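Predicted, not measured: the structure shown is a model, and the values here were computed from it.
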Amino acid sequence: MDKSWMHSDRRSKAYEFGVEAFLNFAVENLLTTTHIRCPCVKCVNLKLFGVGIIRDHVYFNGIDQSYKNWTFHGEPSEATTNASRNVEEDDGHSRYSFVSEEIDMDDNDFGDFGSDPYEFANVIGDGDQPVYPGCRKYTKLSALVKLYNLKAKHGMSDVCFTELLILQGDLLPEGNTIPTSMYEAKKTLCALGLSYEKMHACPNDCILYRKEYEDSTNCPTCGISRWKEGKDSILKEGVPAKVVWYFPPIPRFKRMFQSHETAKSLTWHAARKSIDGQMSHPADSPSWKLLDDKWPEFGNEPRNLRLALSSDGFNPHSSLSSRYSCWPAILVTYNLPPWLCMKRKFMMLTLLISGPKQPGNDIDVYLEPLIDDLKSLWVGIRGVYDAHNGEYFTLRVALMWTINDFPAYGNLSGCVLKDIKLVQYAAMIHLVTG
């Protein structure tokens, strides 16, 4: 198939005909699904949309020109069955080639790499190769993670990051393994299975465009458009008016058990013995014991996780923008020892709700995907590999409690807090005046 249109002007007829031919090709070859991967430069085949939205994305953002072999859209792959471990040459640049079935960033069960620990180990082994022959300080994976953190910290654009990768590759000795484009960097990192989902939301916090509303273009509650309105009052189709970032916890729980040391630490609470009768860990609390007594089949498996959920709003721009509000939702795993469970690397960010104003009492709308996953985890996730014991088991998770200040407690639980605040103010006045 002619792919020269990918390099044409997006306003040209050649580009228009090429987009339609590509969409027809994808639909004909993927008859078992109503959604296909979006190959625009922002989605880079990591998101699934309907044909109409993909057409808008490809026109608005442009198609990823490095996507030369349309393996995600029905074209036979040029890679071999072990392509996830080998490096192929593409126009003078090396890239990872992954079979399309191995990467599915939109499935909540994440059965791709998580279901096979050996396949995951292969990816890690491939990433542990040195940045260049003889380098002992950085591996390919560690260098790429540091570069990507630098991109996120300073708000670097994808184009700038691609040019930085190309410059790094030129500065390092021959044979270096630094990716040469943002597309390749995302492929390498996303192969670990720790993805995120950008969910479109109603600007008035009515709904998330998921499940039965996934293809809707207007909010069924307030009628406002899903798309952003430009300064000229014209809707920009394909550009969402509001977005929430969701980081599914299920694949990360699977990854925790695929680490030998972490899997061992997750059963620390069962191996310890409290000899002083004091509450030194949540395992000594009445809530923990009540859960064991009420659901003994849950308590008899020490690998089942006990979680706490914490959320609060803050202004990420400090005093530069006093109106902006960002709400993260964080899960804490209490199976770990006290010196680990509050470490930053084990505090799991699951939701990031950002916008010019706080969601208020409508925050429950944004918690829907997290609640769905927590329900699935309570029922049980089969086929989780425990690296410490070398076996598969069914993982179950219970949310024991939430941690919030009083204003967030009012939003999340619907409690009336006026009287509590009055009591606090009275107590403060009493302390000051004596």
Side-chain angles (χ1 to χ4, degrees), residues 102-121 123-124 189-197 245-271 281-283 288 291 295 297-311 328-338 340-352 367-403:
E102 292 177 342
I103 305 173
D104 194 351
M105 308 307 294
D106 291 89
D107 288 341
N108 281 336
D109 59 355
F110 286 80
D112 42 351
F113 279 86
S115 63
D116 189 350
Y118 303 105
E119 197 168 17
F120 175 70
V123 175
I124 296 299
L189 294 176
C190 289
L192 299 176
L194 304 183
S195 68
Y196 68 92
E197 300 176 25
W245 283 263
Y246 179 57
F247 306 86
I250 294 177
R252 286 186 278 178
F253 287 141
K254 290 183 177 181
R255 291 290 180 267
M256 290 173 70
F257 280 99
Q258 287 179 359
S259 167
H260 184 276
E261 292 299 323
T262 304
K264 182 179 179 181
S265 298
L266 287 170
T267 57
W268 174 89
H269 65 91
H281 187 268
W288 191 293
L291 189 64
W295 292 282
E297 72 281 0
F298 182 91
N300 291 335
E301 174 54 78
R303 292 174 291 194
N304 289 335
L305 302 180
R306 327 282 179 114
L307 306 178
L309 175 65
S310 178
S311 182
I330 297 173
L331 288 175
V332 180
T333 305
Y334 281 126
N335 290 51
L336 295 164
L340 290 180
C341 65
M342 289 300 173
K343 291 289 186 181
R344 186 173 67 174
K345 67 178 181 178
F346 290 114
M347 298 180 70
M348 191 177 297
L349 178 67
T350 57
L351 271 174
L352 194 59
L367 292 173
E368 286 178 2
L370 176 58
I371 292 172
D372 289 345
D373 274 355
L374 288 175
K375 288 180 177 178
S376 299
L377 286 164
W378 172 251
V379 174
I381 303 297
R382 297 181 179 179
V384 178
Y385 182 74
D386 181 0
H388 177 60
N389 295 316
E391 63 182 12
Y392 292 88
F393 74 104
T394 299
L395 172 66
R396 295 183 63 190
V397 172
L399 182 65
M400 295 186 63
W401 51 64
T402 60
I403 306 171

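For Pro369, the side-chain contact (heavy atoms from CB on, under 4.5 Å) partners two or more places apart in sequence, or in a different chain, are Met199, Leu208, Arg210, Tyr246. Legend: residues meeting side chain to side chain donor-acceptor pair (under 3.5 Å) with Thr262, ordered by chain and number and at least two apart, are Ser259. Ala398 is linked by a side-chain contact (heavy atoms from CB on, under 4.5 Å) to Leu291, Phe298, Trp378, counting only residues two or more places apart in sequence or in another chain. In this structure Leu352 satisfies the side-chain contact (heavy atoms from CB on, under 4.5 Å) test together with Trp245, Phe247, Cys326, Pro328, sequence neighbours excluded. Annotation: ring-ring contact (aromatic ring centres under 6.0 Å, His included) contacts of Phe257 (sequence neighbours excluded): Phe393. Residues that satisfy the side chain to side chain donor-acceptor pair (under 3.5 Å) test with Asn335, not counting sequence neighbours, are His269. Among residues two or more places apart in sequence or in another chain, the side chain to side chain donor-acceptor pair (under 3.5 Å) test is passed with Thr394 by none. Remark: Tyr334 pairs with Trp401 by the ring-ring contact (aromatic ring centres under 6.0 Å, His included) rule, at least two apart or across chains.
To the nearest 0.5 Å, atom CG of residue Leu331 and atom CG of residue Leu399 are 7.0 Å apart. Between the CE atom in Met256 and the OG atom in Ser265 there is a gap of 9.0 Å [rounded to 0.5 Å]. Atoms CG and CD, from Leu370 and Glu368 in turn, are 11.0 Å apart once rounded to the nearest 0.5 Å. Separation of atoms CD1 (Ile403) and CD1 (Ile330) is listed at 10.0 Å; rounding is to 0.5 Å.
Not a single donor-acceptor pair under 3.5 Å links the side chain of His388 to the backbone N or O of Leu266.
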Test Val332 against Met342 for side-chain contact (heavy atoms from CB on, under 4.5 Å), laying out the working first. CA-CA 7 Å; Val332 180; Met342 289 300 173; 4.0 Å; yes

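The list of salt bridge (Lys or Arg N to Asp or Glu O under 4.0 Å) pairs with a residue in residues 374-386, not counting sequence neighbours, reads Arg303-Asp386. For the salt bridge (Lys or Arg N to Asp or Glu O under 4.0 Å) condition, no pair includes a residue of residues 256-267, sequence neighbours left out.
The two atoms that bring Glu297 and Asn304 nearest to each other are O-ND2, 4.3 Å, heavy atoms only. Across all their heavy atoms, Pro302 and Ala270 have their closest contact at CB-CB, 3.6 Å. Scanning all heavy atoms of the two residues, the minimum distance from Trp268 to Pro338 falls at CH2-CD, 3.5 Å.
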